[in-house]
Each structure stands twice: as C-alpha cells, then as structure tokens.
Student: 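Have a look at this one before I ask anything.
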Amino acid sequence: TYSGVLASCDGFMNLHMRDIVCTSRDGERFWKIPECYVRGNSIKYLRLPDEVIDMVKDEPTSRREIRQQFKGRARGRGGRGGG
C-alpha cells in the first residue's frame with residue numbers, strides 16, 4: 001500500500017503523490033519515498049477525507065460543456081500519415 005499526500009490527480013485517476021510510506025504486502029517492511037506516480041488502472045481503492053472531496057471542482061454536466069472542454073484537441077489515433 002502507498003500512504004501519502006496527494007499532489008495531483010488527472011481524469012484517468014493517475015496520481016502524483018509525495019511523502020509516501022510504502023508498506024509491503026505482508027505488512028512487515030516499510031519504505032519512505034519522497035514522491036511517486038501511480039497509474040490509475042492499477043488502483044483498487046482510494047481513501048480520501050470528506051474535505052478533499054468537497055474541494056473538487058464541479059464536473060461539466062451538459063454535452064455542450066463537455067464538447068467545449070475538449071474543443072481543439074486532436075481526435076483519434078490516425079493522422080495524415082507520411083514521413
């Protein structure tokens with residue numbers, strides 16, 4: 001397990017943490033890590049205080065807001081090719 005201070009989080013639930021204490025699976029060994037990055041698809045659960053959840057900005061609710069948020073970004077995997 002990783003216990004520490006959440007520095008940032010993105011929309012894919014990737015976490016950047018600092019001042020971490022890492023505990024081994026058997027719970028007998030501990031490591032202190034200054035900072036780490038945890039990929040979102042490897043997270044099983046996450047505990048956050050209620051104060052942190054209240055600080056989260058409101059998510060866009062309408063389709064128009066979502067479209068405006070992603071307007072101008074590249075779409076898809078392809079391109080014109082070449083090169």
Side-chain angles (χ1 to χ4, degrees):
T1 60
Y2 293 84
S3 299
V5 177
L6 179 63
S8 65
C9 176
D10 64 15
F12 297 105
M13 209 167 120
N14 297 319
L15 307 179
H16 176 233
M17 299 173 64
R18 55 187 166 86
D19 301 328
I20 299 109
V21 175
C22 180
T23 308
S24 64
R25 289 181 186 248
D26 59 11
E28 295 183 8
R29 292 173 293 178
F30 302 92
W31 298 272
K32 186 161 175 99
I33 304 170
E35 71 177 333
C36 76
Y37 177 85
V38 181
R39 188 170 170 171
N41 67 351
S42 67
I43 297 172
K44 285 187 178 180
Y45 68 91
L46 185 66
R47 293 187 313 177
L48 294 172
D50 290 336
E51 299 84 34
V52 173
I53 295 172
D54 294 337
M55 291 172 23
V56 175
K57 63 182 178 182
D58 294 330
E59 293 292 323
T61 55
S62 71
R63 288 179 179 249
R64 173 177 271 170
E65 291 176 24
I66 293 170
R67 270 191 237 118
Q68 288 176 347
Q69 182 180 5
F70 291 102
K71 189 174 183 180
R73 292 188 180 179
R75 295 184 185 165
R77 295 174 25 174
R80 290 184 173 220

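Starting from 1, each residue takes its place in the sequence as its number.
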Student: Could you measure the distance from the OG atom of Ser24 to the CZ atom of Phe30? Nearest 0.5 Å is fine.
Tutor: 7.0 Å
Student: To the nearest 0.5 Å, what is the distance between CG on Leu6 and CD1 on Ile20?
Tutor: 10.0 Å
Student: Can you name the closest pair of heavy atoms from Tyr2 and Cys36 and give their distance?
Tutor: CD2-SG, 4.3 Å
Student: Tell me whether Phe12 at atom CZ has more than 12 heavy atoms from other residues, nucleotides or ligands lying less than 6.0 Å away.
Tutor: no
Student: Mind listing the closest non-hydrogen atom pair of Thr23 and Trp31 along with its distance?
Tutor: C-CZ3, 4.3 Å
Student: Just by distance, do the side chain of Asn14 and the backbone of Gly40 share a donor-acceptor pair under 3.5 Å?
Tutor: yes
Student: Identify whether Met17 and Ile33 are in the same connected component of the hydrophobic contact network (ILVMFWY, side-chain heavy atoms under 4.5 Å).
Tutor: yes
Student: Around atom CG of Asn41, are there more than 12 heavy atoms of other residues, nucleotides or ligands at under 6.0 Å?
Tutor: yes
Student: Do the side chains of Leu46 and Leu15 get nearer than 4.5 Å, heavy atoms only?
Tutor: yes
Student: What about Val38 and Leu48, same hydrophobic cluster or not, with Ile/Leu/Val/Met/Phe/Trp/Tyr joined at side-chain heavy-atom distances under 4.5 Å?
Tutor: yes
